[in-house]
Number of protein chains: 2
Amino acid sequence: MVKKIENTEEKIIAAAREVFLRKGMDGARMQEIADEAGINKSLLHYYFRSKDKLFDRVFTETFKNVIDLITEVFSSSITLESFIENFVRGYTSVLIKKPYIANFVLHELSRNPQRVVEHINLTNFDKLKLASLISSEDKNTIRQFNPIQIIVDILALCIFPFVAKPIIKGFMFDGDIEEYNIFIDQRTQHIIEFVKSAVFIQK
Amino acid sequence: MVKKIENTEEKIIAAAREVFLRKGMDGARMQEIADEAGINKSLLHYYFRSKDKLFDRVFTETFKNVIDLITEVFSSSITLESFIENFVRGYTSVLIKKPYIANFVLHELSRNPQRVVEHINLTNFDKLKLASLISSEDKNTIRQFNPIQIIVDILALCIFPFVAKPIIKGFMFDGDIEEYNIFIDQRTQHIIEFVKSAVFIQK
DNA sequence: ACACGATTTAACCAAATAGTTAAAGCAATT
DNA sequence: AATTGCTTTAACTATTTGGTTAAATCGTGT
């Protein structure tokens, strides 16, 4: 190869992600993606034969970030407390670095739920992990919530603030992005304390 | 008028909501909306001059449900505990009746954040209410979390399970809709207990 | 029977857009 | 200098789709 192929390819993927995110798969225009990537439409089709293929690539690549994270967190936590901390830290740190992930996945979840679920099912990710961690705790130190409710709780607490960013920023903080950023900075610690307060019984 | 105008109009709105929800504003086709409503495209344009106007109507109507609820809950709660209970009960009961609301609003939030925020700002909805309820509690009985974090927590816990339905159903419950429904039934009570456990200090 | 609004039918238009093609240019490798 | 592969330009096609139009039909209250 003569010029660096990855560079243009990555530029296209980043541009496509931007545009798909802003406009959704249907709203996105190939021309707009080309513009965003600083290339022309012909070259775009030279790299990715169709809009569908391009979207597929972007989705798979984006989703992989989440999968890798979850797998890692699930396999490395050995107590309930460390699970909660790792899970929340892992999730929020990924979302702080790549906030677009939340919207992107949720958008695809409503457009094509089947596909998202299939991607999750491809992972070998142990959904009974939390239940087993809970059952190995002393029953007098934790409240007996349904483990699945707790998993959903933690996911909700981590993901929602990114999806609802315009509302939190625009309404809660009157449009002040700095206040929103502070809010997000404090979010990780807040969730950990909130969940632990809810789950563990204080003496 | 000769025939009942509301009937067809409502049929169109319901059909449009369905299709807009499934496909998003851009993915939706006027023809598909007409089919779903059991009428033809001409009549669709006879009632709503353009796709934009139709979407606008559907959005405003859908969003009104949420607004009315929040306003009601905010004005009627006089203690922190009753606020939490009313808020969660109000939110989950609306979403159980009309689960499409969550996706619909979130979808529009990423397509046109400005518009959603404007709609919220039009309400006279007191965002300091929770803070004032917290400050009137005995400091020894509640944990000192940031009130805005708590509001976001509650919203997240209520809304997320509906948005993530395909994941919860498809992955957590291996596609069993009945188990998902039971999960949702228990959700209201779970959230209330979870939040109260986190916020109130037990003796 | 008449009028009038609701509804259908069917053909049509204009714009947008995914995707194609082909020829030419460019930059590094050989 | 020739080759090779990335990149541009620009014109083009086919299809989809929002929206229009006009005439016919249907149903009901007067």
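Side chains included, hydrogens not; waters and symmetry mates left out as well; all remaining heavy atoms used. Protein chains get the first letters and strands the later ones, always in sequence-line order, with residue 1 at the start of each. All figures in this text were calculated on a predicted structure; none of them were measured in a lab.
- Distance CG (B:D26) to P (D:dG18): 10 Å, rounded to an integer number of Å.
- One N or O donor and one acceptor, one from the side chain of A:K41 and one from the base of C:dG19, sit under 3.5 Å apart.
- The CG-P distance, from A:L44 to D:dT7, rounds to 12 Å in whole Å.
- The phosphate of D:dT7 has OP1 or OP2 within less than 4.0 Å of a side-chain N or O from A:T8.
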Please list, pair by pair, any protein nitrogen or oxygen found under 3.5 Å from a nitrogen or oxygen in nucleotides 21-25 of chain D.
{"from": "D:dT21", "atom 1": "O4", "to": "B:S42", "atom 2": "OG", "distance (Å)": "3.2"}

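- Between A:H107 and B:H107, the ring-plane angle classifies as tilted under the 30° and 60° cut-offs.
- Here D:dG18 presents its P atom at 15 Å from CG of B:N40, a figure rounded to the nearest Å.
- When each of D:dT8, C:dA18, D:dG18 is scored by its nearest atom to the side-chain atoms of A:L43, the top-ranked nucleotide is D:dT8.
- For D:dT7, the OP1/OP2 oxygens have no side-chain nitrogen or oxygen of A:Y46 closer than 4.0 Å.
- In this pair, B:F87 and B:F83 present their aromatic rings tilted. The plane angle is within the 30 to 60° band.
- The NE2-P distance, from A:H45 to C:dT17, rounds to 13 Å in whole Å.
- Distance, A:I33 CD1 to C:dA18 C1': 11 Å, rounded to whole Å.
- In terms of modelled atom types and a separation under 3.5 Å, the side chain of B:E137 and the main chain of B:T79 share no donor-acceptor contact.
- When each of C:dG19, D:dT8, C:dA6 is scored by its nearest atom to the side-chain atoms of B:Y47, the top-ranked nucleotide is C:dA6.
- Atom CE of A:M30 is separated from atom P of C:dT17 by 13 Å (rounded to the nearest Å).
- At D:dG19, none of the side-chain N or O atoms of B:R49 fall inside 4.0 Å of OP1 or OP2 (strictly under the cut-off).
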* To do: Go through A:D153 and B:R187 one step at a time and tell me if the side-chain contact (heavy atoms from CB on, under 4.5 Å) criterion holds.
  => CA-CA 10 Å; A:D153 291 342; B:R187 185 79 190 154; 2.7 Å; yes
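- Between the side chains of A:S110 and B:N103, no donor-acceptor pair is found at a separation under 3.5 Å.
- Regarding B:I39, its CD1 atom lies at a distance of 14 Å from the C1' atom of C:dT9, rounded to whole Å.
- Distance B:N7 CG to C:dA6 P: 13 Å, rounded to the nearest Å.
- In summary, the aromatic rings of B:F20 and B:F104 are positioned with their centroids too far apart to meet the 6.0 Å limit.
- Across all strands, B:A28 comes closer than 4.0 Å only to sugar-phosphate atoms, never to a base (heavy-atom distances).
- A:I154 contributes atom CD1, which lies 6.5 Å from atom CG of A:L130 (distance to the nearest 0.5 angstrom).
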